[in-house]
Amino acid sequence: MNILTADELTKSFGSTAALQGATMSLERGEILAVMGPSGSGKSTLLHCLAGIFTPDSGEVWFAGRRLDTLSDTERTVVRRKAFGFVFQFGQLVPELTVADNIALPLLLDRISRKAAYAAAASWLPRLELDGLGARRTGELSGGQAQRVALARALVAQPKVLFADEPTGSLDTLTGELVMDLLVGSAREEGTTVVLVTHDARVAAYADREVTVRDGQVVDRSGVKVEVSR
């Protein structure tokens with residue numbers, strides 16, 4: 001059963017067309033790699049799928065619900081409760097500790113402080129962050145910081161994890177470790193993953209690959225992907 005569907009999305013920024021009829025769908029628990037060079041529209045597609053951008057036309061469906069027609073407030077609630085995000089540079093709060101950053105999504109969702117920090121602590125050994133809970137994230141290595149970002153994205157048990165170039169700022173070995181942990185954790189939690197990358201080595205971790213080309217989503221043979229409901 002599909003959990004996330006984009007149907008004929010268009011999105012322009014001024015006179016620049018980023019998406020021109022992009023169509024795709026994801027099954028529950030699937031890890032999908034969205035590939036394409038810089039400027040191809042793959043990040044714009046991710047932002048539309050996540051309800052951050054509203055497409056100019058087309059439809060986005062999440063778990064049987066039309067996402068693109070919801071209000072800004074309603075989409076914010078969906079993102080907070082159902083989606084997790086990992087970006088290239090982590091976007092952690094450097095003044096806060098590792099535990100603070102991981103617990104933050106739960107605290108924002110009004111989970112009790114005790115429960116939020118207990119959940120945060122449970123992710124430290126899973127992502128090889130033992131003993132770092134009290135350290136400020138500004139003091140971490142790039143690989144450690146990205147693992148904290150992954151823990152923060154998964155702590156609320158999201159239905160979909162959006163990962164935009166999650167290893168783009170890391171060296172090869174550290175990137176492989178982060179991807180091993182990302183994929184392993186997502187499999188354990190049954191989380192659907194949208195993995196945006198231009199790196200074939202990263203895309204190899206996915207169940208399936210598509211490419212954004214000329215504002216459309218195509219399969220490996222270059223044929224436009226059709227929506228599957």
Side-chain angles (χ1 to χ4, degrees), residues 3-4 26 28-32 46-47 49-52 62-63 67 73-170 174-175 177-196 202 205-206:
I3 188 171
L4 191 61
L26 288 94
R28 294 178 187 273
E30 182 180 20
I31 298 177
L32 175 71
L46 180 149
H47 282 74
L49 290 170
I52 298 171
F62 166 64
L67 184 62
T73 299
E74 290 171 324
R75 292 201 307 274
T76 297
V77 172
V78 172
R79 288 195 298 271
R80 188 174 71 241
K81 293 183 174 293
F83 296 162
F85 299 88
V86 179
F87 298 101
Q88 181 173 346
F89 297 104
Q91 297 186 344
L92 301 173
V93 183
E95 297 82 10
L96 299 181
T97 67
V98 167
D100 293 335
N101 272 274
I102 298 173
L104 189 58
L106 299 177
L107 296 173
L108 291 174
D109 206 26
R110 299 184 179 181
I111 303 298
S112 74
R113 186 176 179 84
K114 181 179 180 180
Y117 279 89
S122 73
W123 277 95
L124 298 179
R126 294 178 66 178
L127 296 181
E128 301 182 15
L129 295 168
D130 299 87
L132 297 179
R135 185 174 297 181
R136 295 187 187 279
T137 54
E139 302 170 355
L140 301 178
S141 69
Q144 290 170 334
Q146 201 64 320
R147 280 177 274 156
V148 174
L150 177 57
R152 184 183 61 183
L154 291 172
V155 70
Q157 299 180 308
K159 301 296 183 184
V160 182
L161 173 66
F162 295 93
D164 194 354
E165 301 286 6
T167 65
S169 62
L170 305 176
T174 304
L177 172 61
V178 168
M179 284 305 305
D180 285 339
L181 293 170
L182 186 158
V183 170
S185 299
R187 299 279 192 213
E188 290 175 12
E189 299 293 321
T191 306
T192 303
V193 179
V194 181
L195 175 62
V196 168
V202 173
Y205 285 86

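Source: prediction; values computed, not measured.
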Task: Separation of T192 OG1 from I3 CD1 (nearest 0.5 Å) - done: 4.0 Å
- [ ] Examine distances only and state if a side-chain atom of T191 and a backbone atom of V160 form a donor-acceptor pair shorter than 3.5 Å.
- [x] no
Task: Main-chain N/O of Q144 paired with S141 side-chain donor or acceptor, under 3.5 Å - done: yes
Open item on the list: Once side chain to side chain donor-acceptor pair (under 3.5 Å) is applied, what residue pairs with a partner in residues 178-189 remain, sequence neighbours excluded?
Closed with: R126-E188, R126-E189, D180-Y205, R187-D207
- [ ] State which residues pass salt bridge (Lys or Arg N to Asp or Glu O under 4.0 Å) with R75; sequence neighbours excluded, sorted by chain then number.
- [x] D72
Open item on the list: Show every salt bridge (Lys or Arg N to Asp or Glu O under 4.0 Å) that has at least one partner inside residues 129-144, sequence neighbours left out.
Closed with: none
Task: Of all pairs that satisfy side chain to side chain donor-acceptor pair (under 3.5 Å), the ones with a partner from residues 106-124, not counting sequence neighbours - done: R80-D109, K81-D109, D100-Y117
Open item on the list: Closer than 3.5 angstrom, by distance alone: can the side chain of D164 be matched with the main-chain N or O of F87 as a donor-acceptor pair?
Closed with: no
Open item on the list: Given L182, which partner from the list L154, I31, L127, V193 fulfils the side-chain contact (heavy atoms from CB on, under 4.5 Å) test?
Closed with: V193
Open item on the list: Among residues at least two apart in sequence or on other chains, which ones pass ring-ring contact (aromatic ring centres under 6.0 Å, His included) with F162?
Closed with: F83, F85
Open item on the list: Please give me the minimum heavy-atom distance between A149 and V86, naming the atom from each residue.
Closed with: O-CG2, 4.0 Å
Task: Polar side-chain atom of R147 near backbone of E128 as donor-acceptor pair, under 3.5 Å - done: yes
TODO: Test side chain to side chain contact (heavy atoms under 4.5 Å, CB included) on M179 and L195 and set out the steps.
DONE: CA-CA 10 Å; M179 284 305 305; L195 175 62; 3.7 Å; yes
- [ ] Indicate yes or no for a side-chain donor-acceptor contact from Q146 to the backbone of V178 under 3.5 Å, with no hydrogens or angles considered.
- [x] no
Open item on the list: Could you work out, with side chain to side chain contact (heavy atoms under 4.5 Å, CB included) as the rule, every residue matching L106, not counting sequence neighbours?
Closed with: I111, A116, A119, V155, A156
